[in-house]
Number of protein chains: 2
Amino acid sequence: MAGAGAAGGAGGRAAGARYRRLATELREAIASGAYGAGGRLPSEEELAQQHGVSRGTVRQALAVLRANGLVTSRRGTRRVVLGTARTQSFFELLSFTRWARALGEVPGGRTIDISSGPANPLEAEQLGLEPGTQIHRVLRLRTLSRVPIMIERTIYPEHIGAVIAGLDPDAISHTEPLADQGVVFADAEHTVDLVYADDEDARLLGCDPGSPLMRERRRATDPAGTPLEWSDDRYLPGTVSFTVHNSAASTALSRRRG
Amino acid sequence: MAGAGAAGGAGGRAAGARYRRLATELREAIASGAYGAGGRLPSEEELAQQHGVSRGTVRQALAVLRANGLVTSRRGTRRVVLGTARTQSFFELLSFTRWARALGEVPGGRTIDISSGPANPLEAEQLGLEPGTQIHRVLRLRTLSRVPIMIERTIYPEHIGAVIAGLDPDAISHTEPLADQGVVFADAEHTVDLVYADDEDARLLGCDPGSPLMRERRRATDPAGTPLEWSDDRYLPGTVSFTVHNSAASTALSRRRG
DNA sequence: TGCTTCAAGTTGTACAGCCAACTTTGATCC
DNA sequence: GGATCAAAGTTGGCTGTACAACTTGAAGCA
């Protein structure tokens, strides 16, 4: 069996690459407590034989768990289980709706304003376009179980905005219909800081002007690096926190001045 | 030349693994604009020949850049340069001193209080110890160019605290001496949210009690997953922001309720 | 012009093997 | 009893090979 290939070879019953499926299986096994809290994983060789794959494929799967902070990884000893699970996915961070549902809460959204027009220089830079290019703007109030939580100001390039504009105005999720239309979100950059509510923020969120808010600014791109959306989300205090795992091996987090 | 091995084989002049050195070289090449903004990288095969390594090693190096959000990565086309550079390292996030120096500012620290004693239940959980175990506590005011920026409350398990206690009280960095003593920081989990200054915060930072602060709570561990420190850092508004890059392939960021 | 088809180029996935570096354990020795 | 050393076990690192999946641009055709 030299060179089985990705989907054409032996397995091929489910979707995705073999190592991804293996990573999911291992994540679920850990979550179910199969190895215990703080327990040791089987050796790479054992896992390879158990699942009928090569050691290289096992290592790819384990690298995923490692990056998510689920297991340790050091030379000389078997891997140790750290967190029992972290179901959080890339999309739960991108989509307010997905996130809320994963929490077991009821997401809501009221579209305050929707418009399109030429991008000002700032907006153009955020979306990597030339100033004056047509863009779409959406302002929405987001709720959890009918309670206002966050105010969301998003801008889209024209080809994305056209899809958004065609949606049901009462649609709760905007991200999911995009995915259905074949728009692929691949990367995102999130910046978190503290700002003070302006008059519009205060009116919509029901707080005082000048009161503090958690701000998350986000730029999402497709696999080619082309910006798909840029958003400025402002949360009422006490409603969210952001958690990051990083390691000496792979760092994606940074602290910035101001 | 089948199976050259890590440091024993051909190269071996500098420190670290071959793919890490290659990743650094590529990062610097990108930062210097060698491939232009938005330019294309050479193919994996070309890079392999240019640097005298196998394609597998090139791919390991590129995976690092990918995780840092420096380049795209999609099947069928050459990689495209995204960000021009992100020198930020794991340690600049861990160490206030390292971070400040990378910014070109002068870091300062005044130790307000240092003590040791048995851990209360909360502290014990944060460090993964039994309640009542001896721990060390440090309270410090951090400054940039003599201006107060942040208040830092850190606790250490005994074996680390012993090293801290032996330091010069005026030492600016605590993390760096630990590294010199052979303490290896491998992983960290950071949680960012918004809190209101208590009386102590306000007195030390020179703000009003109840005024908003950015809080970063951090747990750092060694390669085996054993906690080395737990810290609660509170920044004055407008002094910092936190940025994260994540992708559908590897997610380490999550948003949480409250 | 506009469309399809094809071929070349590039990255993704998977396999196999080898050695190095490190951890742990147990045996040996003093 | 305690320190030292050897061996086994495990992960890290690197190479080589093969094929699949995808992107792109050019050729060909209507």
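Throughout, protein chains are lettered first and strands after them, A, B, ... in sequence-line order, and every chain is numbered starting at 1. Every heavy atom of this structure was used, including side-chain atoms; hydrogens, water molecules and symmetry mates were not.
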* **Heavy-atom donor-acceptor pair, B:Asp222 side chain to B:Ala224 backbone, under 3.5 Å** => yes
How many Å lie between [atom1] on [X] and [atom2] on [N], as a whole number?
X: B:Arg18; N: D:dT15; atom1: CZ; atom2: P; value: 8 Å
X: B:Gln60; N: C:dT13; atom1: CD; atom2: C1'; value: 15 Å
X: A:Arg40; N: C:dT25; atom1: CZ; atom2: C1'; value: 12 Å
X: A:Gln49; N: C:dA16; atom1: CD; atom2: C1'; value: 14 Å

* Asked: Between C:dA16, C:dT13, D:dT15, which nucleotide has the shortest distance from any of its atoms to the side chain of A:Tyr19?
  -> C:dT13
Sidechain N-carboxylate O distance under 4.0 Å for [X], [Y]:
X: A:Arg79; Y: A:Glu44; answer: yes
X: B:Arg78; Y: B:Glu46; answer: yes
X: A:Arg219; Y: A:Glu189; answer: no

Sort me out a list of protein N/O and nucleotides 5-11 of chain D N/O pairs below 3.5 Å, or just none if empty.
residue: D:dG9; atom: N2; partner: A:Gly76; partner atom: O; Å: 3.2
residue: D:dT10; atom: OP1; partner: A:Arg78; partner atom: NE; Å: 2.9
residue: D:dT10; atom: OP1; partner: A:Arg78; partner atom: NH2; Å: 2.3
residue: D:dT11; atom: OP2; partner: A:Glu44; partner atom: N; Å: 3.0

* To do: Examine the side chains of B:His245 and B:Asn68 and answer whether a donor and an acceptor come within less than 3.5 Å of each other.
  => no
* **Residue B:Glu125 excluded, over 12 heavy atoms near CD under 6.0 Å** => no
